[in-house]
Amino acid sequence: MKIKLMIAAAVMALAVSAGAAAWYAHMHPNLDAPAPVPMDILDKQGTVIGHYLAPSAEEIAALANAESVMLGRRLLSDTARLLPDNVGNGLNCNSCHMAQGRVALRNHYINTGSTYPRYMPRPGKEIDLPERINGCFVRSMNGAKLPVESQEMQAMLAYMRWLGTGVPQGAKVSGKTEGPIDTSLQPDMARGEVIYAAQCASCHGDNGEGMKDQFNEYIFPPLWGDASFNIGAGMARLYKAAGFVKHNMPLGVKREPPYGQGVMSDQDAVDVAEYFIKKPRPDFAGKANDWPRDKKPKDARY
Ligand code: HEC
Ligand code: HEC
């Protein structure tokens with residue numbers, strides 16, 4: 001009798017704990033990002049010629065040039081601290097090219113190694129990859145060019161080429177670099193100010209100044225002011241900024257069901273982008289040389 005009771009009690013305890021585990025799993029879903037999704041590799045005609053899966057950093061160790069690729073990866077994440085002479089603000093490359101440029105809609109670098117040299121309307125000529133990287137140094141980072149032969153520039157190139165392993169020269173992966181946004185929408189700055197206060201200021205600050213930790217390093221990057229990107233940066237253009245914000249911000253909020261709310265509409269993103277890009281920020285000395293022959297994009301700032 002005693003044994004039967006003990007067995008019954010044990011069974012009940014098991015049932016209760018299984019129920020509790022199920023309840024716990026329900027209330028605390030796994031918040032890790034899902035594994036990367038394979039992307040199509042397309043040739044110049046748009047024909048699928050293969051598939052691409054973003055590699056994990058663990059694979060770097062086995063490369064012949066592992067040290068250089070690893071340095072490149074570190075420089076992209078920790079740019080302001082590691083390259084103080086070349087960075088004139090509080091940003092890292094990773095602030096805009098998120099997850100070291102490996103994810104669609106977050107300004108990824110997967111196609112970068114295979115699509116330069118290429119003609120670029122802004123300078124009105126063909127440029128190579130070091131020139132393109134230096135474009136972000138002098139505009140997005142409001143800083144100074146990195147010499148092409150420097151160990152650091154070579155490391156960034158090595159990282160970007162490694163990322164594009166398996167993507168032949170001239171081909172591209174299907175994942176877009178920038179988020180689609182309706183460029184026919186007109187911005188409403190007053191509405192943008194309200195959205196900023198409600199959804200952005202908690203991290204980026206009431207005055208767009210970002211937020212630093214106790215060691216004087218940025219946790220959340222600045223959106224305007226002296227420590228932000230200058231007026232010549234791609235992010236200073238309305239629809240580039242809105243596309244980034246719509247698909248990536250506010251950080252930590254999931255867009256997809258079952259938990260996501262789809263927080264930003266295209267109009268919200270355009271309005272809030274108008275609000276922060278038009279705030280005071282550094283000027284860009286070379287702006288007079290931009291778009292020397294092609295038509296300026298409609299959201300060009302000068
Ligand atoms: C403030 C945001 C921002 C920061 C910071 C930034 N970039 Fe960019 N970068 C962009 C945007 C936006 C584009 C696309 C620009 C366009 O289409 O005009 C871009 C484009 C590029 C491209 C061209 C990619 C391609 O495949 O055509 C490279 C390479 C690049 N950035 C490298 C860097 C590096 C290296 C750093 C750090 C030294 C950096 N960027 C910092 C916003 C940024
Ligand atoms: C939970 C904190 C958080 C919130 C809220 C948030 N951001 Fe961000 N934002 C970040 C972080 C962190 C980065 C840098 C990304 C990285 O390093 O991976 C970033 C990067 C950016 C960048 C590019 C880098 C720069 O400084 O220019 C822009 C633009 C931006 N956020 C705009 C917004 C806007 C607009 C909102 C509101 C709709 C918003 N963010 C809400 C944390 C946040």
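Keep in mind that this is a model prediction, so the values were computed, not measured. Residues: numbered from 1 along the sequence shown. Just so you know, these numbers use all the heavy atoms, side chains as well, and skip hydrogens, waters and symmetry mates. First listed ligand is number 1; within each ligand, the first listed atom is number 1.
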Which of the atoms in ligand 1, numbered in the order shown and given with their element, are less than 4.0 Å from a heavy-atom of Leu76? 35 (C)
Go through ligand 1 atom by atom and flag the ones less than 4.0 Å from a non-hydrogen atom of Cys96. 1 (C), 2 (C), 3 (C), 4 (C), 5 (C), 42 (C), 43 (C)
Indicate yes or no: does Asp299 engage Lys240 in a salt bridge with an N to O separation below 4.0 Å. no
Closest approach of any protein heavy atom to atom 21 (C) of ligand 2, naming residue and atom: Met249 CE, 3.5 Å
Identify, by atom number and element, the atoms of ligand 2 in contact range of Phe229, meaning under 4.0 Å from any of its heavy atoms. 27 (O)
With heavy atoms of Ile133 as the reference, note each atom of ligand 1 found under 4.0 Å away. 29 (C), 35 (C)
Heavy-atom contacts with Cys203 under 4.0 Å: which atoms of ligand 2 show up? List them by number with element. 1 (C), 2 (C), 3 (C), 4 (C), 5 (C), 43 (C)
Report the member of His204, Arg106, Lys246 with the shortest heavy-atom distance to atom 31 (N) of ligand 2. His204
Which atoms of ligand 2 are found less than 4.0 Å from any heavy atom of Met264? 38 (C)
Tell me if the CD atom of Gln169 is crowded by more than 12 foreign heavy atoms within 6.0 Å. yes
Is it true that Asn92 lies under 4.0 Å from ligand 1, counting heavy atoms only? yes
Counting N and O atoms only, with roles assigned by atom type, does the side chain of Lys296 sit under 3.5 Å from a partner on the main chain of Tyr302, one being a donor and the other an acceptor? yes
Subset of ligand 2 atoms that lie under 4.0 Å from at least one heavy atom of Pro222: 25 (C), 26 (O), 27 (O)
List every atom of ligand 2 that sits less than 4.0 Å from any heavy atom of Ser95, numbering the atoms from 1 in the order shown and giving each element. 14 (C), 15 (C), 17 (O), 20 (C), 23 (C), 24 (C)
If the cut-off is 4.0 Å to any non-hydrogen atom of Thr112, which atoms of ligand 1 fall inside it? 24 (C), 25 (C), 26 (O), 29 (C)
Would Leu53 and Met39 count as a side chain to side chain contact (heavy atoms under 4.5 Å, CB included) if you check the C-alpha gap in whole Å, the side-chain angles of each, and the deciding distance to 0.1 Å? CA-CA 6 Å; Leu53 194 62; Met39 301 181 199; over 6 Å; no
Enumerate the atoms of ligand 1 whose separation from the nearest heavy atom of Tyr109 is less than 4.0 angstrom. 30 (C), 32 (C), 33 (C), 34 (C)
Within the structure, is a non-hydrogen atom of Arg118 found at a distance of less than 4.0 Å from ligand 1? yes
Does the Lys NZ or Arg CZ of Arg281 fall within the cation-pi geometry relative to Phe229 - under 6.0 Å from the ring centre and within 45° of the axis? yes
Tell me which protein heavy atom sits closest to atom 16 (C) of ligand 2, plus the residue, atom name and distance to 0.1 Å. Asn94 O, 3.5 Å
If the cut-off is 4.0 Å to any non-hydrogen atom of Glu178, which atoms of ligand 1 fall inside it? 17 (O)
Which of the numbered atoms in ligand 1 are under 4.0 angstrom from any heavy atom belonging to Met141? 5 (C), 37 (C), 38 (C), 41 (C)
Identify the protein heavy atom lying closest to atom 34 (C) of ligand 2, giving its residue, its atom name and the separation to 0.1 Å. Cys200 SG, 3.4 Å
Give the residue, atom name and distance (to 0.1 Å) of the protein heavy atom nearest atom 22 (C) of ligand 2. Phe244 CE2, 3.4 Å
